[in-house]
Number of protein chains: 2
Amino acid sequence: MLDAGADLFRRQGYEGTALKEIVGEGGAPWGSLYHFFPGGKQELGVAALRRSGERYRRLIELVFEGAEDPSTALRQFFSLSAQALEGSDYADGCPVATVALETANTTDALRQVCAEVFESWLATLARFLSEAGIEAGVAYPLALFGLSTFEGAITLSRTIRSTEPLTASGEIVASVVDAALREVPEEST
Amino acid sequence: MLDAGADLFRRQGYEGTALKEIVGEGGAPWGSLYHFFPGGKQELGVAALRRSGERYRRLIELVFEGAEDPSTALRQFFSLSAQALEGSDYADGCPVATVALETANTTDALRQVCAEVFESWLATLARFLSEAGIEAGVAYPLALFGLSTFEGAITLSRTIRSTEPLTASGEIVASVVDAALREVPEEST
DNA sequence: GTCTATATCTCGATAGAC
DNA sequence: GTCTATCGAGATATAGAC
């Protein structure tokens with residue numbers, strides 16, 4: 001049920017998704033919805049976002065751990081997302097961005113979860129950048145920049161139905177991080 | 001009425017905004033809504049997005065025309081948006097991004113307008129980059145990158161309620177464009 | 001715990017007088 | 001053109017049997 005909700009929220013947003021749709025898609029019994037989520041739709045939303053946010057964070061980790069440096073990891077991540085978008089008819093974008101924008105000024109509980117998720121991704125990104133030798137004061141702004149570009153590129157790609165924003169942005173982000181890495185003194189690698 | 005609609009769509013999205021709210025806020029007569037927009041909410045949405053999208057495009061033009069080069073224009077634009085966000089309790093972000101994500105896979109008429117708006121901004125950006133001497137094949141991907149980063153930074157800033165994503169990203173985008181400008185042969189300026 | 005039925009509300013859209 | 005009243009659909013949430 002959480003997975004079905006997360007998937008629908010990502011595609012059509014929070015307001016655009018009906019509870020019946022979630023229980024229908026998830027094959028879960030309608031009667032048990034308010035047993036597990038006494039807080040109703042909002043509580044389900046919070047739980048679904050937390051779950052998909054953490055899953056996405058682990059995906060980031062996986063890509064960075066498998067790559068030789070953060071720059072190639074980013075290039076791969078952008079390219080991977082472009083593939084995922086194209087293969088899903090431009091539906092599988094960021095699991096929280098749509099809800100984040102919808103609720104930034106309306107439903108604070110949901111906005112807060114989205115903020116927590118974004119910050120967990122930022123912390124993960126900054127950690128990998130730091131571990132590659134980039135100094136702490138630079139790593140966090142660089143993570144902010146990288147995630148910003150990624151989120152915006154997904155927004156553009158979904159809207160104009162082309163992977164071009166993701167691929168073009170991915171190249172430049174990777175090159176920016178690459179330049180930062182080249183400023184790292186040799187001993188620290 | 002169009003302005004009231006555009007404002008509400010930007011803050012709380014398309015699905016999250018009721019028609020009554022729009023006519024209420026706009027002080028317009030309810031009876032005339034379906035006279036001017038026989039297509040109902042969707043037609044009003046299309047018109048509102050087109051209008052605010054074009055207004056925003058002219059704002060971009062204004063900033064670029066007033067700045068000495070595209071790099072400083074971008075820095076100013078990010079900084080201006082950060083101010084606008086902070087001054088509006090993080091409500092006045094991008095006028096189309098929220099609706100774009102909501103409708104990318106649900107309501108194609110709205111998605112298409114958002115795509116048109118984004119593309120008009122991209123064309124404007126690419127034109128200014130070209131006019132500054134950056135070759136055509138580079139200007140468009142650079143515009144894609146710049147707009148992507150901007151859109152994502154707004155998303156992050158609104159969600160975590162901090163201007164940090166915008167300021168950090170603005171600096172880096174400006175420096176990337178600055179580097180591209182330095183590759184321009186002197187004669188072409 | 002889960003089901004069915006339903007209460008209550010709000011939405012978008014329409015009808016018809018003026 | 002604009003107003004008032006209202007329709008019908010679909011939403012969230014609840015009640016009460018099992």
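Per chain, numbering begins at 1; letters A, B, ... match sequence-line order.
Taking atom CG of B:L19 as the reference point, atom C1' of C:dA13 lies 9 Å away to the nearest angstrom. Computed from coordinates, the A:Y34 OH to D:dA11 P distance equals 12 Å when rounded to whole Å. One can place CD of A:E15 at 12 Å from P of D:dA11, the figure rounded to the nearest angstrom. Atom OH of A:Y14 and atom C1' of D:dT12 are 10 Å apart (whole Å). Distance A:I22 CD1 to D:dA11 C1': 12 Å, rounded to the nearest Å. Following rounding to the nearest Å, B:K41 (NZ) and C:dT10 (P) show an atom-to-atom distance of 15 Å. Here C:dT2 presents its C1' atom at 12 Å from CE of A:M1, a figure rounded to the nearest Å. As rounded to whole Å, 9 Å separates atom P of C:dT10 from atom NZ of B:K20.
A side-chain donor from one of A:R158 and B:N105 sits under 3.5 Å from a side-chain acceptor of the other. No donor-acceptor contact under 3.5 angstrom links the side chains of B:S120 and B:R57, judged on distance only. Side chain to side chain, B:Q12 and B:E21 meet the donor-acceptor criterion of an N or O pair below 3.5 Å.
When each of D:dT2, C:dT2, C:dT14 is scored by its nearest atom to the side-chain atoms of A:H35, the top-ranked nucleotide is C:dT2.
Mapping A:T17 and A:G31 onto DNA chain D by nearest heavy atom places A:T17 closer to the 5' end of the strand. Projected onto DNA chain D by closest heavy-atom contact, B:F36 and A:W30 fall at different nucleotides, the more 5' of which corresponds to B:F36.
The aromatic rings of B:W121 and B:Y56 are tilted relative to each other, their planes meeting at an angle between 30° and 60°.
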